[in-house]
2 protein chains.
Amino acid sequence: MSIDVGARLRGVRAIYGLSQRELARRAGVTNGLISLIEQNRVSPSVGSLKKVLDGVPMSLAEFFTLDIEAAPQVFYGDDELVEIGSGDVSLRLVAAQRAARQLSILHERYAPGAATGDDALTHRGEEGGVVVRGRIELTVGAGSRVLGPGEAYYFSSTIPHRFRNVGREPCEIISASAPPTF
Amino acid sequence: MSIDVGARLRGVRAIYGLSQRELARRAGVTNGLISLIEQNRVSPSVGSLKKVLDGVPMSLAEFFTLDIEAAPQVFYGDDELVEIGSGDVSLRLVAAQRAARQLSILHERYAPGAATGDDALTHRGEEGGVVVRGRIELTVGAGSRVLGPGEAYYFSSTIPHRFRNVGREPCEIISASAPPTF
DNA sequence: CCCGCCTGTTTAGCATCATGGACAACAGGG
DNA sequence: CCCTGTTGTCCATGATGCTAAACAGGCGGG
């Protein structure tokens, strides 16, 4: 029962939306090697595997720590939030299903057309949030979705991400992140 | 600047007090391979590395997560304890320097010659303690030392360990562990 | 001393990995 | 349709990991 390096790598590559050739180019290896590794037809040397992961980038520790079976949920519909408040106080928990969360809070507001920048952000930690007003386009790795009021998100900040207000009115988000990057 | 797999493996082997040949036998590889890996003269395939670590045993994730530069202090002299109490209450903290501790308390007493068993203990979590009276021989991995009143210890319980009263009088220890094994 | 047993290191040779390039399949545009 | 680009897979060859066995040094006992 050996480690499924192939599946792990294929998963990582899928998350980041890279082709075998693109990853190979970034890592400085051949596309054939990526293919062979993903099919488990070779057991790469740790040197090679590190070169490949450097192209993502991702550390060997992260790679082997990766929980492959539980590809964590990224997007949450309005009804997928868990109400943990009571009475006058309504606390609707995002990513309540996800174990070992670690975060803190922000209230963001985006003018029409505004974005977090032309390039995607990447930093340590995790972040999540809820759209309060307006419509925001959120891109996380290879996935992208426009979220409206009541919808939410939660993902690892190490995955490249970008926010952009695609509506005509201001957009407000209640967001949280840890450890604090600002 | 690649990962120093060699040093990591050598460190792991030292902690568990295994020779290259002994580890090789348990892992089902040759002693020569262990030698070559530790000298960084080869970059082992993840398959081989996994086989080697299975002989410890240790997961690939643990191996790459290992904090190699900070080999945590195991033994503490009488004057290496940190006083955090005040007034009539004296709380002298063990391993105060160590970040991210996680534990709870016990008061142990060993009769002359008593020990925790013929085989070394291994379990999850961390444990530490202080000798109050008598003399106790503590073996942790490859290291061993006789501790007297005022001296202390703190280590990860995953390292094989054993207590034995080598004195003529009863021995008392204030110990702590987490998560609770008893 | 010599012997046996341990330690880690080295080397020749074989097995496996990694490369560079060819290949088929698929998609979008002219 | 062709053309051009993409995708992933496959193959021959050179590079490298891995094994088996020999080697050198250390340590204790006869």
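These numbers were taken from a predicted model, which means no experiment stands behind them. Every chain is numbered from 1, with letters handed out A, B, ... down the list of sequences.
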Any idea which of [options] is nearest the [X] side chain?
X	options	answer
A:Pro44	C:dA18, C:dT9, D:dT19	C:dA18
A:Val42	D:dT9, D:dT19, C:dC17	C:dC17
A:Asn31	C:dT19, D:dT9, C:dG8	D:dT9
B:Thr30	D:dT19, D:dG8, D:dC18	D:dT19
B:Arg41	C:dT11, D:dC10, D:dT9	C:dT11

Hey, is the side chain of [X] poking within less than 4.0 Å of OP1 or OP2 on [N], counting only N and O atoms?
X	N	result
A:Ser45	C:dA18	yes
A:Arg13	D:dG8	yes
B:Gln20	C:dT7	no
A:Gln39	D:dC10	yes
A:Arg10	D:dG8	no

For [X] and [Y], work out which heavy atoms get closest and say how close.
X	Y	answer
B:Arg26	B:Gly55	CD-O, 3.5 Å
B:Gly47	A:Ser43	N-OG, 2.7 Å
B:Ile34	B:Ala24	CG1-CB, 4.1 Å

Indicate, with a heavy-atom threshold strictly under 4.0 Å, whether B:Ser19 touches base, sugar-phosphate, or nothing. sugar-phosphate
If you look at every strand shown and take non-hydrogen atoms under 4.0 Å, does B:Glu38 touch a base, only sugar-phosphate, or nothing? nothing
[atom1] of [X] versus [atom2] of [N]: gap in Å, rounded?
X	N	atom1	atom2	answer
A:Leu9	D:dG8	CG	P	11 Å
B:Leu23	C:dC6	CG	P	16 Å
A:Asn40	C:dA18	CG	P	13 Å
B:Ile37	D:dT16	CD1	P	17 Å
B:Ile34	D:dC18	CD1	P	11 Å
B:Leu18	C:dT7	CG	P	10 Å
B:Arg25	C:dC6	CZ	C1'	15 Å
B:Leu33	C:dC14	CG	P	19 Å

Measuring only between side-chain heavy atoms, which start at C-beta, is A:Leu49 closer than 4.5 Å to A:Phe64? yes
Does the side chain to side chain contact (heavy atoms under 4.5 Å, CB included) test come out yes or no for A:Leu23 and A:Val12, once each step is laid out? CA-CA 11 Å; A:Leu23 176 55; A:Val12 168; over 6 Å; no
Per nearest nucleotide of DNA chain D, the residue lying toward the 5' end, B:Ser43 or A:Arg21, is A:Arg21
Please determine whether a side-chain nitrogen of the Lys or Arg among A:Asp4 and A:Arg8 lies less than 4.0 Å from a carboxylate oxygen of the Asp or Glu. yes
